[in-house]
Number of protein chains: 2
Amino acid sequence: MATIYQVSELAGVSLATVSRVINNTVPVREATRLKVEAAMQELGYRPNSVAQSLASNRSNSIGIVVSELGGPFYGELLSRIENEFRAAGKHVIIAAGHSNADLERDSIEFLRSRNCDALILHVEAVDDAYLVELAESGLPFVLINRMVAGIEERCITLDNEQGGYLATEYMLQQGHRDIAYISGPLWKHDAQERYNGHQKALAKFGIGENKALFYEGDFQETGGVNGFNHLREQGHTFTALVCANDEMASGAITAVHEAGLDIPEQVAVIGFDNINFSHYTHPKLTTIDYPVAEIGQMAARWVLKRVYQRPIEDLQALFIPQLIVRDST
Amino acid sequence: MATIYQVSELAGVSLATVSRVINNTVPVREATRLKVEAAMQELGYRPNSVAQSLASNRSNSIGIVVSELGGPFYGELLSRIENEFRAAGKHVIIAAGHSNADLERDSIEFLRSRNCDALILHVEAVDDAYLVELAESGLPFVLINRMVAGIEERCITLDNEQGGYLATEYMLQQGHRDIAYISGPLWKHDAQERYNGHQKALAKFGIGENKALFYEGDFQETGGVNGFNHLREQGHTFTALVCANDEMASGAITAVHEAGLDIPEQVAVIGFDNINFSHYTHPKLTTIDYPVAEIGQMAARWVLKRVYQRPIEDLQALFIPQLIVRDST
DNA sequence: TTGTATGCGTTATCAG
DNA sequence: CTGATAACGCATACAA
């Protein structure tokens with residue numbers, strides 16, 4: 001790979017001048033610029049961004065940590081973020097945290113050591129203190145789907161409790177009174193919040209908690225299958241099933257079918273997230289919309305504004321979930 | 001962030017020695033090592049990998065280019081690759097090519113300028129010549145799902161033609177004779193190959209091509225919807241529908257339902273890829289399995305072996321697709 | 001407008 | 001086994 005030095009030699013100018021036309025920071029005489037550009041062209045020169053990064057302490061790259069690279073939710077999120085940054089000439093470096101505190105910390109440290117200008121984090125396992133400390137270290141970052149006291153201005157969240165509330169409230173309004181709930185792992189903030197919303201809705205209708213109608217799943221499809229089967233075995237009948245995400249709802253739907261029951265006639269099912277295959281299910285899944293794309297875009301804009309000083313007006317920090325009624329309720 | 005220099009000062013050794021304990025390249029006296037480690041600990045030192053990369057011309061990071069970050073196919077692929085590398089202490093930098101030659105080239109250049117030790121490419125738009133040239137430049141890379149003459153040893157592919165053949169052959173064996181085909185964009189290698197397989201199967205059964213039973217889609221769900229509707233309008237009836245991927249098959253299934261037809265009684269449908277939500281459809285989708293996970297893992301191993309000299313034995317270059325029979329046929 | 005010199009944080013090549 | 005010291009490729013004050 002050609003270096004800036006070779007370019008300067010070929011163009012008959014100093015190395016500094018080449019750097020100037022590359023970054024077009026200070027004015028360069030037109031003739032000189034042309035000479036340099038010709039030389040770059042001829043040598044097929046591409047700046048070494050590692051060296052640029054080391055010298056300037058800026059990398060034009062943004063680090064992203066998500067729990068998993070696969071799955072419809074993260075795919076959509078990553079896709080949107082990458083799009084937004086590519087349009088701005090920035091690049092993303094992605095790492096997976098696998099919902100594990102060590103791996104999450106690891107990923108963050110890795111990205112920081114790669115000189116990322118900013119981070120976008122969807123982390124679930126590291127504790128609040130770590131994040132607050134991270135903020136104090138001066139590293140700019142946004143937190144997605146999690147509200148941490150002390151760094152509220154860096155948090156972009158969905159009102160998960162409200163979403164959980166909406167789902168159950170809808171079931172109640174439809175006349176259901178025996179409502180089962182398949183939760184995500186309760187140590188995850190969003191799972192806990194969604195469940196809180198569920199309880200709140202029940203309380204509003206004067207319905208007490210029934211442990212036999214609760215199952216703590218894993219946010220995966222199998223969690224939905226196991227959840228439904230487990231709930232049936234408890235012996236307490238129910239006519240509605242609220243699932244804390246669409247994957248589990250899909251699993252539950254399969255299990256309901258296998259149990260020979262009809263949806264929604266015998267069991268109504270609702271999910272959460274509105275991931276893009278939620279209408280592939282049969283019947284099409286009623287769910288709570290999680291505006292992933294908007295949130296991803298907002299996180300990217302936060303960075304563009306705060307770190308790269310782009311003129312961006314409306315930064316929205318809290319998103320409100322919406323009920324999407326389809327055929328499973 | 002603490003630098004290696006500060007560590008050396010605190011430990012009372014030279015900067016070079018610190019570097020040695022970090023990389024434990026040449027032996028260091030135990031006492032010295034302990035002093036240095038203590039100093040690193042105290043300062044919370046983390047090596048700056050940008051500087052490491054610049055100095056060593058090695059980055060321990062692998063660049064990956066895929067068409068999209070979202071979607072079940074790429075999600076699974078990325079996830080698997082990242083897993084494999086993380087276990088080996090390597091990291092991935094991901095860029096999207098969006099099936100566009102300029103963006104693909106751009107992504108590749110970006111990754112190369114980030115000093116990636118190797119690249120894993122799932123590119124569709126850049127031409128063979130570019131890739132051959134890239135290989136000659138000395139950059140190690142593997143190509144996924146594409147066979148390019150001259151650099152066969154860097155290609156890891158699925159036998160797409162065989163897959164296309166299997167799908168249609170199965171329909172024929174089931175007694176279908178009027179078989180419609182919804183293809184991917186034919187400029188994409190895999191789409192073309194799958195279609196070739198389809199034609200081959202037809203030919204084997206002595207059935208000629210019928211333009212009215214062909215539709216060129218976009219590999220997206222909507223392509224399946226539009227495809228089915230278009231095919232019906234052609235007036236030529238068919239009892240089987242072969243789709244070049246599962247997304248289009250899902251769309252087609254929806255369209256078939258909306259047309260008031262039963263699957264598989266009136267129209268049998270088969271997909272391709274066996275992406276993980278293909279059993280969420282109703283009825284569950286018969287399809288051709290694309291072993292994404294294995295292929296992703298193989299690509300990662302190729303790099304570990306060839307670039308990092310890890311002792312890995314079995315590198316498989318060609319994968320054979322398999323028919324997965326479910327309920328849609 | 002352009003050139004010179006220095007530094008960014010490491011690795012690597014030499015001597016000791 | 002350890003310590004100077006020169007790269008690595010580029011950005012950037014400072015001069016000119």
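Letters A, B, ... are given to chains in the order of the sequence lines, protein chains preceding strands, and every chain is numbered from 1.
- Each salt bridge (Lys or Arg N to Asp or Glu O under 4.0 Å) pair with one or both residues in residues 120-146 of chain A, not counting sequence neighbours, appears once here: A:Glu124-A:Lys188, A:Asp128-A:Arg146.
- Listed by chain and residue number, B:Lys90 satisfy the side chain to side chain donor-acceptor pair (under 3.5 Å) test with B:Asn60 (two or more places apart in sequence, or in another chain).
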Checklist entry - Once each nucleotide of nucleotides 8-16 of chain D is scored for protein heavy atoms under 4.0 Å, what B/S/- sequence comes out, 5' to 3'? => result BBBBBB---
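- For B:Arg80, the salt bridge (Lys or Arg N to Asp or Glu O under 4.0 Å) criterion is met by no residue, not counting sequence neighbours.
- With sequence neighbours excluded, the residues that form a salt bridge (Lys or Arg N to Asp or Glu O under 4.0 Å) with A:Glu84 are A:Arg301.
- Closest of all the heavy-atom pairs between A:Trp302 and A:Arg154 is CZ2-CG, 4.0 Å.
- Residue pairs satisfying the side-chain hydrogen bond (donor to acceptor under 3.5 Å, both in side chains) criterion with at least one member in residues 30-50 of chain A, sequence neighbours excluded, are listed as follows: A:Ser49-B:Ser113.
- The span of DNA chain C lying next to chain A, judged by atoms under 4.0 Å from heavy atoms, is bounded 5' to 3' by C:dT1 to C:dG9.
- Every pair passing side-chain hydrogen bond (donor to acceptor under 3.5 Å, both in side chains) that includes a residue from residues 303-319 of chain A is listed here, sequence neighbours excluded: A:Asp117-A:Tyr308.
- DNA chain D lies under 4.0 Å from no heavy atom of any residue of residues 106-116 of chain B.
- Near DNA chain C, meaning a heavy atom under 4.0 Å away, there are no residues from residues 27-40 of chain B.
- Put simply, the side chain of B:Glu104 never gets that close to the backbone of B:Val123: no donor and acceptor are under 3.5 Å apart.
- Among residues at least two apart or in separate chains, ring pair (Phe, Tyr, Trp, His ring centres under 6.0 Å) pairs with a member in residues 79-114 of chain B are A:His91-B:Phe110, A:Phe110-B:His91.
- Contact annotation: B:Ser14 does not reach the phosphate of D:dT2 (side-chain N/O to OP1 or OP2, under 4.0 Å).
- Judged by distance alone, the side chain of B:Ser107 and the main-chain N or O of B:Ala96 form a donor-acceptor pair under 3.5 Å.
- Take A:Glu82 and apply the salt bridge (Lys or Arg N to Asp or Glu O under 4.0 Å) test, not counting sequence neighbours, and it matches A:Arg86.
- Side-chain contact check for A:Asn160 and A:Asn145: at least one donor-acceptor pair (N or O, by modelled atom type) lies under 3.5 Å.
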